[in-house]
Amino acid sequence: MTILIQALQFILSLSLLVMIHELGHFTFARIFGVRVNKFYMFFNPKRSLVRAKKINGKWQVRFFAKNVIENQKVAMDASGNPLLWEDDKDEKVRSRYEKKQPLTAEEWDEIEEKYNFGRPITRRQGHPKFTIIEPEDLPLLADDDWRKYPETTEWGIGWLPLGGYCAIAGMVDETTTADQLGSTPHPWEYRAQPTWKRLPIITGGVLVNFIGALIIYSGVFHHWGQDYMPLESAKYGMQFSDAMLSEGFVQGDKIIRIGDRVPDNRADLVNWMVVDGEHDVQVLRGQDTIHLTLSDGFERKILADQGTMFCDFRFPFVVQDLLPDGPAAKALMMAGDSIIGVGGKSMYIYQDIVAELPQHAMDSVDITFVRAGETHTVRVFLGDEAKLGVYMKMPNEFLAIKHIDYSLIESIPAGIHYGWETLANYVKQFRLVFTKEGAQSLGGFATIGSLFSPIWDWHSFWLMTAFLSIILAFMNIIPIPGLDGGHMLFVLWEMITGKKPGDKFLEIANNIGFYLLLALLIYANGNDILKLFMK
């Protein structure tokens, strides 16, 4: 159930982000009078769950409909023989195709004259030809053929929930190849627009994603306020990962200074020590101030320590509730008991106790606890999981939480500042991706999904959605063909040099970018699979 809840949150978040991203492209395209052929949430190979289009002022809707190629009327082999005929309208072509018998030149001329196919566009050697529907061909199409009304957008929902797309007329991208464009650019096409119009159409998705994140952060701050646990609340000190311990930290240390800055929360620790690479750290150990200098490979060491909390707050082990048939319940422990010892060893911190219990797996161990001011000791038999079978009180019941309320006016600059800071930190830490440890830490859908709360919590959902929106904006602006950044690069090149890349070049570049992104996607999700088997 936990995985299902996280998966549903991930799909909903991704759907919203893709929609607003594509709406950014759509909005700027329509502002500049460029037609948008299709706008789809999710991908729709072969068929669509829902297709809708406004024709002559009325909406037409089709369910589970087969896709229609936007401007292809017929495909032919290099000799001009039909390979398929849409909707199987012509018996002669259909029967010859099924029998793999080519039409003669005379038969083909007869068919072409009968149906007024239009002008053929030749592709490279070994590929078929396409005949393109030009504006003057539109009256020849049937009234129920949606392609007869290209001035309105087809809206739809696909069946493959991995994103979505906005098919802009006259643009070579993942939805349209160079051969599917007519020979002459039309005024309503993307390729016919000057660069100063094409650039905002391309950047619209990234812009809307980033602005959307700022709006979400502002809305979250206004509705829920901002809660976080300041480092000054760590009265029991901090719990460190093995990687941190190897740098000289000791469990219970309190980090009081990094470089010349005083950290306020855990995010500051990660951003300053790992992202910024600040290696001069001061900690309070008991009553003593200790100076630590982190190793040169500290950042890579933290990245290699995958799946481990960088540092956390230490807190007492106090029983909140018990599993009915758990080891603690069988030993007659009760809610409210505060554990202060395990196996004769004095300890009261949750993390220390959890680390000690596995030493007594499949064995009996003395558990010492305080109840109503009195100390008790009971013998508890632990199973192979070495767990007491209890729910403990959470850290916020012992450590002070800082809460900030924002009015509507105050939430706007707070959300903008938080969004900018989040983007800046993400951009700075992106350099770590190019290290061996950073590449190994890349995750796919499972990793992203695991970031969502295991229970449905709207506050957590919107914060994660805003964070993913910033990531989507940044990743899309990277100048890789196939991404918005690749299209921006070509437009900027044209603005500087005055030379426009050809449609065929753009198609090839997009294909290369697509395969690079596909390889990255396979690698990231492969890491998820490896991590699953390594657990």
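Numbers for residues simply follow the sequence, beginning at 1.
Between H279 and E299, some side-chain heavy-atom pair lies under the 4.5 Å cut-off. Counting only heavy atoms from C-beta outward, the side chains of I202 and Y190 approach each other to under 4.5 Å. The closest side-chain heavy-atom distance from V208 to L23 is not below 4.5 Å. Side-chain contact between D337 and M334 is present, with heavy atoms from C-beta onward closer than 4.5 Å. Counting heavy atoms from C-beta outward, F298 and V281 have side chains that stay 4.5 Å or more apart. Counting only heavy atoms from C-beta outward, the side chains of Y348 and V370 never approach each other to under 4.5 Å. Residues L483 and M475 form no side-chain contact, since every pair of their non-hydrogen atoms from C-beta on lies 4.5 Å or further apart. Contact annotation: the side chain of T153 never approaches that of K54 to less than 4.5 Å [non-hydrogen atoms, C-beta and beyond].
Checking side-chain atoms of N265 against main-chain N and O of A267 turns up a donor-acceptor pair under 3.5 Å. No side-chain donor-acceptor contact under 3.5 Å links D253 to the backbone of F249. Side-chain N or O atoms of T203 include one that pairs as donor or acceptor with a backbone N or O of L199 at under 3.5 Å. Side-chain N or O atoms of Q239 include none that pairs as donor or acceptor with a backbone N or O of R314 at under 3.5 Å. Judged by distance alone, the side chain of E22 and the main-chain N or O of A167 form no donor-acceptor pair under 3.5 Å. Within the 3.5 Å criterion, the main-chain N or O of T375 finds no donor-acceptor partner in the side chain of R371. Checked by atom type and distance alone, the side chain of S233 never pairs as donor or acceptor with a backbone atom of L399 at under 3.5 Å. The backbone N or O of A243 lies less than 3.5 Å from a partner atom in the side chain of S246, making a donor-acceptor pair. Listed for the R62 side chain is no donor-acceptor partner under 3.5 Å among the backbone atoms of K53. Between the H25 side chain and the I201 main chain, a donor and an acceptor come within less than 3.5 Å of each other.
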How far apart are the C-alpha atoms of I349 and Q251, what are their side-chain angles, what is the distance that settles it, and do they pass the side chain to side chain contact (heavy atoms under 4.5 Å, CB included) test?
-> CA-CA 11 Å; I349 296 297; Q251 304 295 19; over 6 Å; no

Just do the side chain to side chain contact (heavy atoms under 4.5 Å, CB included) check on I255 and F240 with the steps written out, would you?
-> CA-CA 11 Å; I255 300 177; F240 300 102; 4.0 Å; yes

Given the rule in the side chain to side chain contact (heavy atoms under 4.5 Å, CB included) test, do L269 and I258 qualify, once you have shown the distances and angles that lead to the verdict?
-> CA-CA 8 Å; L269 302 183; I258 300 175; 3.6 Å; yes

Run the numbers on F313 and M238 for side chain to side chain contact (heavy atoms under 4.5 Å, CB included), then give the verdict.
-> CA-CA 5 Å; F313 290 89; M238 303 297 292; 3.8 Å; yes

Start with the C-alpha gap between D484 and H21, add the side-chain angles, then the distance that decides, and say whether side chain to side chain donor-acceptor pair (under 3.5 Å) holds.
-> CA-CA 11 Å; D484 292 345; H21 179 91; 3.0 Å; yes

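Looking only at atom types and distance, the side chain of Y40 has a donor-acceptor partner in the side chain of E154 under 3.5 Å away. Residues T377 and T368 have side chains that bring a donor and an acceptor to within less than 3.5 angstrom of each other.
Counting non-hydrogen atoms of other residues, nucleotides and ligands closer than 6.0 Å to OH of Y391 gives a total of 12 or fewer. In the displayed structure, E397 atom CD is contacted under 6.0 Å by more than 12 heavy atoms of other residues, nucleotides or ligands. Within a 6.0 Å sphere centred on NE2 of H459, other residues, nucleotides and ligands contribute more than 12 heavy atoms. Residue Y515 places its OH atom among 12 or fewer non-hydrogen atoms of other residues, nucleotides or ligands, all under 6.0 Å distant. For Y418, the OH atom is loosely surrounded, since the number of other residues' heavy atoms within 6.0 Å does not exceed 12. For L4, the CG atom is densely surrounded, since the number of other residues' heavy atoms within 6.0 Å is greater than 12. W420 CH2: 12 or fewer foreign heavy atoms inside a 6.0 Å radius.
The shortest non-hydrogen separation linking L408 to H222 is N-ND1, 3.3 Å. The shortest heavy-atom contact between V274 and F310 is CG2-CE1, 3.8 Å. Pairing each heavy atom of F63 with each of V61, the nearest pair is CZ-CG1, 3.7 Å. Looking at every heavy atom in both residues, A329 comes nearest to P324 through CB-O, 3.4 Å. Here the closest heavy-atom approach between residue F317 and residue M392 is recorded as CE2-CB, 4.1 Å. Scanning all heavy atoms of the two residues, the minimum distance from N425 to V275 falls at O-CG1, 3.7 Å.
Classified by interplanar angle (parallel below 30°, tilted 30° to 60°, perpendicular above 60°), the ring pair Y350/F315 is parallel. Ring geometry for W456 against F461 counts as parallel: the plane angle stays under 30°, on a 0 to 90° scale with 60° as the upper cut. F43 and Y165 have parallel rings, their planes meeting at less than 30° on a 0 to 90° scale where 60° marks the start of perpendicular.
Partner of L14 under the side chain to side chain contact (heavy atoms under 4.5 Å, CB included) criterion, chosen from I11, V18, L16: V18. With L17 as the fixed residue, the side chain to side chain contact (heavy atoms under 4.5 Å, CB included) test singles out one of L12, T465, I471: T465.
Separation of atoms NE2 (H487) and CG (N510) is listed at 4.5 Å; rounding is to 0.5 Å. Note that NE2 of H360 and CD1 of I367 are 7.5 Å apart. Values are rounded to the nearest 0.5 Å. Atom CH2 of residue W462 and atom CH2 of residue W224 lie 8.5 Å apart, to the nearest 0.5 angstrom. To the nearest 0.5 angstrom, L284 atom CG is 8.5 Å from I290 atom CD1. To the nearest 0.5 angstrom, F369 atom CZ is 11.0 Å from L388 atom CG. Atom NZ in K254 sits 10.0 Å away from atom OH in Y236 (nearest 0.5 Å).
Under 4.0 Å is where a charged nitrogen must lie from a carboxylate oxygen, and between R257 and D280 no such pair does. Salt-bridge annotation for E247 and K301: present, with a side-chain N of the basic residue lying under 4.0 Å from a carboxylate O of the acidic one.
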